[in-house]
Amino acid sequence: MLEVVALSALTAFLMSVGNGAAGEMGKQLLLTTGALVRRTTRRQIPLPTGPEEQAALAGLVHARLGEDSRLAGEWAMLMRFHGRPGTPALARASGLPPAPRHFTNRQKVLKQLAREVTRPADGRPRVALLHGPPGIGTTAAALRLGAEYHARFPDGQFYVDLRDTAAQGGPGPGGVLARLLRQMTVDPGPLPSTEAGREELYRRLTAGRHALVVVDHATSLAQVRGLTPSTPGVFLLVVVSGQPFALDAERVEVGPLSDRFALRMLRDLAGREEVARAKARMPHLLGQCAGNAYALRSAARQLQTGRPDTGALPAPGPDDSHPVRAAVQHTTSRLQPPTARLCRLAALGAWPGLDVHLAAAIADVTEQEAAGMLTEATDAQLLDPLADARFRFRPEVRRYLADTAGPELGIAECSAAVTRSLNTVLNRALHAAHAALPESWRTEPAPVDGAPYGSETEGLSALAAEAGNIVRAVALAQDYEQITTTLRLARALWPLQLKVGHWDDVLPALRLAVRCVDIHQPHTRMAGALHTQLAHCLDQLGHRQEADRAALTALECERAAGHLRGEASAVEMLGLFRLYQWDYPAAHERFTEAKDIYAQITSGQEGAEDLPRALALVGRHQGRALRGMGRLDESQHLLQTAVDFFTQQGEAYNTARALTDLAETQHEAGRNTEALTHITEAERLLDPAAVTHHQYLTALRARCQDTG
């Protein structure tokens with residue numbers, strides 16, 4: 001089978017495994033590959049950390065395969081069933097929002113963009129940077145281009161809007177890739193954990209395709225640099241609201257509309273009769289709008305509703321030189337006072353998803369009253385509606401409202417509203433986190449007040465839906481020096497990162513919380529817990545050295561706090577890090593150390609009730625490390641013990657995971673009949689929703705059957 005295991009294919013496989021080891025099954029494949037590397041090379045080789053090391057390892061393995069046909073067959077099967085998957089199906093449907101119906105005098109902009117779309121490829125990637133001041137209409141121009149040139153992109157149009165992020169400055173490049181890849185694939189499954197792995201998948205997905213990729217509200221070069229297409233049929237359009245950055249691209253500026261076309265836009269939006277009635281004031285109104293699309297839409301609404309219809313316009317304010325802020329000023333002055341108050345107070349939070357429950361808490365009113373205010377603010381174009389009955393502000397609208405909240409309402413009222421909002425988000429987060437992991441000591445008990453969730457699934461779904469607000473609340477609480485709230489909010493993210501992923505989304509909040517806890521509560525249990533969360537998140541994203549440092553800090557904090565359960569857990573995490581770096585002896589040593597620390601917890605001590613389960617888990621990890629060391633009989637004994645414990649406890653998922661490990665070890669030992677029995681049992685126990693695990697077991701079954 002040596003001809004099947006080509007050096008190039010082996011190199012690509014090792015790179016894919018190293019870059020894609022996210023989630024439980026990604027780690028499982030990583031361990032299986034590491035065990036086979038040890039058997040092939042007859043020595044312990046650490047996980048390669050970059051392309052050069054991966055290529056060198058591939059060369060070493062390939063040279064050995066010529067000496068052993070059985071090993072060549074093992075590698076061929078592993079690569080056939082577990083290797084780099086084929087390129088996922090590209091989602092061809094347009095992901096762009098609809099273009100605005102009334103689109104006025106942007107022909108010059110569209111012509112510039114069209115030149116980039118239609119020019120000869122000549123080896124240059126097709127990239128354009130569309131920029132202009134807030135509210136000017138950059139997004140509208142991008143959407144219009146997508147609508148007019150839809151036929152040129154038969155493989156799909158993909159749109160990522162970065163303004164809804166909770167992290168200051170928007171997501172990093174890995175997060176942007178994650179958002180885009182989830183749109184681009186029909187069934188994305190687990191994404192590669194590293195930025196390099198995601199970029200490689202993006203290039204495979206777009207190779208030879210004709211597609212449009214729009215990244216709206218980008219704020220930095222780093223976010224989009226990796227998206228520059230390497231295929232001539234893909235056009236990357238980056239939209240910046242504000243000053244452009246140094247992207248190597250065709251720059252297209254969206255400037256203000258002339259008075260002639262601004263007047264046409266007002267007529268299209270408000271109607272000719274309404275514009276005619278305001279003829280006397282039109283020069284002043286056009287001057288205020290300054291050719292800004294958002295300001296013109298706001299003015300059109302005022303004309304449609306009959307305001308202003310007679311008399312003078314409001315006296316110029318300090319923000320009249322900025323058309324968006326002037327428009328918001330005028331719009332806010334026409335709202336019902338309670339609605340204007342809610343808008344200003346809500347803007348202080350910069351919430352990515354404002355709903356009725358949160359709005360009611362912010363304004364200290366009933367949810368029915370808050371619903372009416374949100375409707376009024378949406379009709380006035382101060383809020384944009386989102387899915388799931390949520391709302392958000394445009395960035396410049398929010399900035400104006402937040403800037404005027406203090407002068408209009410007073411510092412005390414603003415501070416009280418922020419506190420109410422933080423308490424509301426925290427209460428929701430604690431209820432959801434407890435429901436998602438009801439038995440875990442890493443989540444707080446559910447609060448006495450507030451609405452509990454009915455199941456683990458319901459709690460996890462609620463936590464995922466609220467993730468953006470929780471991440472935002474961590475930063476907001478820190479800004480307002482509500483330290484305890486900051487730390488509790490960050491800790492509530494644990495089920496989300498453990499069960500759902502969302503590592504890119506929660507990482508900024510965890511970094512902030514760790515800095516905060518190190519200043520205000522160093523060497524405490526809270527510090528240990530948050531450093532553990534950070535270490536877990538960094539490891540999942542492939543930042544291994546930084547993850548190691550965070551885990552060691554967590555261990556120091558737990559020891560200083562005298563928290564045996566936390567100390568053992570931190571040592572266990574360090575063992576897992578070594579396990580996934582193919583350093584099996586060091587991993588086994590750490591797991592043994594963790595087991596000894598757990599054994600120090602005596603009856604009646606905190607954590608004693610969790611001790612049997614903790615020992616079963618660490619025993620499973622010992623078994624996995626022993627498999628990597630080639631000590632297969634010892635590995636099978638420990639894994640069978642873990643299976644027996646979890647079966648007795650009725651923990652179907654953990655039983656299935658331990659059965660998968662046991663089947664892997666038995667396959668390596670040549671006991672394929674027993675392995676197939678355990679695969680069948682694991683499949684029976686798994687929830688049908690665990691698609692990735694089921695797929696892994698199907699492939700493992702095929703490997704066992706191929707060798708009898």
Side-chain angles (χ1 to χ4, degrees), residues 14 17-50 53-54 57 193-194 497-498 503 528 531-559 565-599 614-632 634-636 638-639 642 657-658 660-661 664-665 668:
L14 290 172
V17 170
N19 290 334
E24 187 70 22
M25 290 302 102
K27 301 291 190 186
Q28 192 82 15
L29 177 59
L30 186 67
L31 293 184
T32 294
T33 304
L36 191 52
V37 164
R38 175 196 51 76
R39 288 171 55 202
T40 304
T41 62
R42 304 185 191 97
R43 58 190 173 94
Q44 202 73 45
I45 293 181
L47 177 71
T49 58
E53 290 185 14
Q54 290 162 343
L57 177 59
S193 61
T194 64
Q497 64 183 94
L498 182 67
W503 305 301
H531 277 284
T532 295
Q533 285 182 235
L534 178 62
H536 173 270
C537 189
L538 290 167
D539 175 65
Q540 293 293 341
L541 291 171
H543 305 309
R544 295 188 178 98
Q545 291 185 344
E546 197 178 353
D548 275 350
R549 291 194 295 270
L552 287 168
T553 304
L555 177 57
E556 292 174 6
C557 294
E558 298 287 12
R559 280 178 176 164
R565 181 167 55 179
E567 180 184 352
S569 180
V571 172
E572 187 177 343
M573 173 175 277
L574 285 165
L576 287 170
F577 290 175
R578 300 296 171 267
L579 185 69
Y580 298 133
Q581 293 163 9
W582 297 353
D583 189 351
Y584 302 113
H588 185 264
E589 184 178 340
R590 283 294 193 179
F591 295 141
T592 302
E593 181 185 353
K595 202 169 189 177
D596 292 341
I597 297 171
Y598 279 127
L615 290 172
L617 286 169
V618 78
R620 175 193 167 221
H621 297 324
Q622 283 182 305
R624 298 162 84 197
L626 287 166
R627 175 196 168 206
M629 296 163 69
R631 294 160 60 177
L632 301 183
E634 295 170 83
S635 172
Q636 288 180 81
L638 284 173
L639 291 171
R657 291 203 300 176
T660 303
D661 294 325
E664 291 266 27
T665 304
E668 188 170 335

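Counting begins at 1 with the first residue of the sequence.
- Considering every non-hydrogen atom in both Leu615 and Val618, the closest pair reads O-CG1, 3.3 Å.
- The two residues Ala587 and Leu579 have their closest heavy-atom pair at CB-N, 3.5 Å.
- The shortest heavy-atom contact between Thr194 and Gly542 is CG2-CA, 4.0 Å.
- Using a 4.5 Å heavy-atom cutoff, the side chains of Pro46 and Asp583 are not in contact.
- Between the CG atom in Leu498 and the CD atom in Gln540 there is a gap of 8.5 Å [rounded to 0.5 Å].
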Evaluate side-chain contact (heavy atoms from CB on, under 4.5 Å) for Glu668 paired with Arg39, printing each intermediate quantity in order.
CA-CA 10 Å; Glu668 188 170 335; Arg39 288 171 55 202; 3.1 Å; yes
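- Counting heavy atoms from C-beta outward, Arg657 and Arg620 have side chains that approach closer than 4.5 Å.
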CA sep, side-chain torsions, deciding dist, call: Arg590, Glu572, salt bridge (charged side-chain N to carboxylate O under 4.0 Å, His left out):
CA-CA 6 Å; Arg590 283 294 193 179; Glu572 187 177 343; over 6 Å; no
Test side-chain contact (heavy atoms from CB on, under 4.5 Å) on Leu538 and Gln533; report intermediate values, then the result.
CA-CA 9 Å; Leu538 290 167; Gln533 285 182 235; over 6 Å; no
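- Between the side chains of Arg631 and Tyr584, no donor N or O sits under 3.5 Å from an acceptor N or O.
- Taking CD from Gln622 and CG from Leu639, the interatomic distance works out to 10.0 Å, rounded to the nearest 0.5 Å.
- A pairwise comparison of heavy atoms in Thr665 and Leu632 identifies CG2-O, 3.8 Å as the closest pair.
- Within the 4.5 Å cutoff, side-chain heavy atoms of Trp582 are placed close to those of Thr33.
- Here the shortest heavy-atom pairing between Ala568 and Ile597 reads CB-CG2, 3.7 Å.
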What do the steps show when you test Arg624 against Ser635 for side-chain contact (heavy atoms from CB on, under 4.5 Å), and what is the final call?
CA-CA 7 Å; Arg624 298 162 84 197; Ser635 172; over 6 Å; no
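- Residue Glu589 places its CD atom among 12 or fewer non-hydrogen atoms of other residues, nucleotides or ligands, all under 6.0 Å distant.
- Counting heavy atoms from C-beta on, the side chains of Met573 and His536 come closer than 4.5 Å.
- Between Met629 and Pro585 there is a side-chain heavy-atom pair separated by less than 4.5 Å.
- In terms of modelled atom types and a separation under 3.5 Å, the side chain of Trp503 and the main chain of Gln497 share a donor-acceptor contact.
- Side-chain contact check for Glu53 versus Leu47: every heavy-atom pair is 4.5 Å or farther apart.
- For Thr660 and Gln28, the side-chain atoms include no donor-acceptor pair closer than 3.5 Å.
- Rounding to the nearest 0.5 Å gives a distance of 6.5 Å between CG of Leu552 and CG of Asp548.
- Counting heavy atoms from C-beta outward, Thr553 and Glu558 have side chains that stay 4.5 Å or more apart.
- Within the 4.5 Å cutoff, the side chain of Tyr598 has no heavy atoms near those of the Glu593 side chain.
- The CG atom of Leu541 sits 10.0 Å away from atom CD of Glu546, with the distance rounded to the nearest 0.5 Å.
- To the nearest 0.5 Å, atom NZ of residue Lys27 and atom CG of residue Leu29 are 11.5 Å apart.
- The two atoms that bring Ala616 and Ala642 nearest to each other are O-CB, 4.0 Å, heavy atoms only.
- Between atom CZ of residue Arg38 and atom CZ of residue Arg43 there is a gap of 13.0 Å, rounded to the nearest 0.5 Å.
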